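Here's the structure, in structure tokens; my notes come after.
Nothing here was measured: the structure is a model prediction, and the numbers come from that model.
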Number of protein chains: 2
Amino acid sequence: MSDNAILLTAMAVTAAQEPAKVSAVDRLVEQIRDLLRDRALVIGDALPTERELGELFQASRNTVREALQILKAYGIVEVRPKIGAVLSDRHEDAVRKLFAFQNDISPASFLDVQGYRKIVEVGIGDHIILHASAGDLANLDLVNSRILQVEGVDDAAHCDFAFHEALVMLAGNRTLLTNYRLLQPVITHIMRVGKAKRPVQIDTHQTHSEIIAALKARDRVAYAYLISRHLEYGQQFVGSENIRSARNG
Amino acid sequence: MSDNAILLTAMAVTAAQEPAKVSAVDRLVEQIRDLLRDRALVIGDALPTERELGELFQASRNTVREALQILKAYGIVEVRPKIGAVLSDRHEDAVRKLFAFQNDISPASFLDVQGYRKIVEVGIGDHIILHASAGDLANLDLVNSRILQVEGVDDAAHCDFAFHEALVMLAGNRTLLTNYRLLQPVITHIMRVGKAKRPVQIDTHQTHSEIIAALKARDRVAYAYLISRHLEYGQQFVGSENIRSARNG
DNA sequence: ATCCTGAATCTTGGTCCAACAAAAAGAAGG
DNA sequence: CCTTCTTTTTGTTGGACCAAGATTCAGGAT
């Protein structure tokens, strides 16, 4: 079976579950996507104007606009008055925003997110210890030092997240990093609540330093222990009254 | 600092980065979202008609439609002709679709995704061994057995994914499961390509059985070894010519 | 009288057209 | 180089028509 046959099969399946109910707007979304690919446009390039798109694909300008709203929601294009629609690189932002959409943060999900982080951040230890260079670890020190220089709960939370993000980055896996970043709004919100309850950036910096030291010593047991303890630490400060909705966090 | 203060701060920040450039469509999206929350609508409930929404919020019907297209892209509502817009539970589907959007699968990303799976599926071993009941593991057997009963590359890929999904499910972490499911289109596409090249469902079933056996024996070393080898196995069958776009996979 | 049925009607989303306002880019003039 | 004017393009509105599905209602069967 050739790849083309596979693709045709897949297309037939998708066609079967959407039985010819294709609206003009959906068709336009596909056509515009194809246009982007065929012209090999890059980030920042401008699309044709709404009227041109309408004439090009035989659709009304309203239909074009509805299709562009969808592409905009997907972060594929950004549309500015007079400029028109330009190809955007906000795709990941859109995914993140959508992911966090309508996500109320309950104490249960707090524990859940921390559990996720424990699985991931402990799990990457072996890979970091095996593959991280001295420069990589020095960079971790740099990121960690920033937390001492900021004022305010919000900035501290972002620095804290940046450290853990840098850690995940060292795992060298793009998919993992993308997924971890999806949780950024949720994680930073959790950090904000924790730091508001008990604002001790010094402690955070110290704990991070110990984690980095374990990595420098290539001590995977110590790393696993320290990162687990670090992630479990905040749980005692989280009660049901401390977590609220994180809309647009 | 109270939680309310934190929320107000967060709102001020989001407001600051969107300096009063709120379009009528964006305003409508917010207003409709508020409407959903204020009326405490549940999945399946119908919104007012487009004309009513327009009158309610002093907007043209075209503007209402553009706002609805965004909500639809977000999976918040589903709009059926004559019925109108109804509250949808397709939010996660929308996230998944958006996540897979514009994701071409190169050999590099194939390796990346398999690397992600190795980190995750190895990492959850300890938790499964500690917490999975005999019934959980028996259920794994059940899921695994289905792969012997299906015909065709597509169904086999879905059964294969279902097994690994069940595995991740046993980790007992909702966040991890959600993130893993995000990759479903990509993973099943990879599986389809592999199985098309070399369709051996018997082998897959056998390997899965060995993995289950390791879990039943509470042997974490054997589990880690078997799952790693299982995930590395397909790499030899993947050349650059075998992987294509997984759009709408 | 009650219930079923089928046609007529009414509602609603899908699409299109025309128009005007606002904003921004580009041209023209100092 | 700066300012002003023109033009283009998006933002928004109102209205129109169609097709499909829901509703209503009349009429016949039981």
Side-chain angles (χ1 to χ4, degrees), chain A residues 15 17-33 35-36 39 41 43-88 90 94, chain B residues 17-36 39 41 43-88 90 94:
Chain A
Q17 70 192 26
E18 298 258 347
K21 54 172 293 186
V22 57
S23 75
V25 174
D26 294 338
R27 174 176 56 84
L28 256 183
V29 170
E30 286 302 314
Q31 285 178 315
I32 296 177
R33 277 184 58 189
L35 184 74
L36 298 183
R39 295 195 179 177
L41 297 182
I43 306 299
D45 287 352
L47 275 69
T49 70
E50 295 177 351
R51 290 177 177 85
E52 286 172 341
L53 286 173
E55 189 184 5
L56 188 57
F57 296 127
Q58 294 299 309
S60 151
R61 193 164 84 94
N62 289 53
T63 307
V64 173
R65 283 184 58 78
E66 292 187 13
L68 285 179
Q69 292 289 355
I70 294 177
L71 271 330
K72 201 169 64 174
Y74 282 3
I76 305 296
V77 302
E78 234 164 326
V79 46
R80 279 191 280 272
K82 176 62 187 177
I83 298 292
V86 299
L87 240 156
S88 166
R90 291 305 187 91
Chain B
Q17 69 190 28
E18 298 257 350
K21 53 172 290 189
V22 58
S23 74
V25 174
D26 294 338
R27 174 176 56 85
L28 256 182
V29 170
E30 285 303 314
Q31 285 177 313
I32 295 178
R33 275 183 60 188
D34 290 344
L35 184 74
L36 298 183
R39 293 195 180 179
L41 297 181
I43 305 301
D45 287 352
L47 274 70
T49 70
E50 294 178 353
R51 290 173 175 88
E52 286 172 342
L53 286 174
E55 189 184 4
L56 187 58
F57 295 127
Q58 294 300 309
S60 154
R61 194 174 147 237
N62 285 328
T63 308
V64 173
R65 282 186 58 79
E66 292 186 13
L68 284 179
Q69 293 287 356
I70 294 177
L71 270 332
K72 201 167 64 174
Y74 281 1
I76 306 295
V77 303
E78 232 165 328
V79 46
R80 279 191 278 271
K82 181 59 188 176
I83 299 292
V86 300
L87 228 111
S88 168
R90 290 304 189 88

Criterion side chain to side chain donor-acceptor pair (under 3.5 Å) against B:Gln69, the qualifying member of A:Gln69, A:Lys72, A:Glu66: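 So the option named by the test is A:Glu66.
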Close N or O pairs between protein and nucleotides 5-7 of chain C (under 3.5 Å):
none

Should [X] and [Y] count as side-chain neighbours, where that means a heavy-atom distance under 4.5 Å?
X: B:Leu68; Y: B:Val79; answer: no
X: B:Phe57; Y: B:Ile32; answer: yes
X: A:Leu53; Y: A:Leu35; answer: yes
X: A:Leu36; Y: A:Leu47; answer: yes

Carboxylate-amine/guanidinium contact B:Arg27 B:Glu30, below 4.0 Å: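 B:Glu30 and B:Arg27: not salt-bridged.
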Neighbour count above 12 (heavy atom, 6.0 Å) for A:Arg90 CZ: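 It does not: A:Arg90 CZ has 12 such atoms or fewer within range.
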Reading 5' to 3' through nucleotides 10-18 of chain C, protein heavy-atom contacts under 4.0 Å coded B for base, S for sugar-phosphate only, - for none: -BBBBBBB-
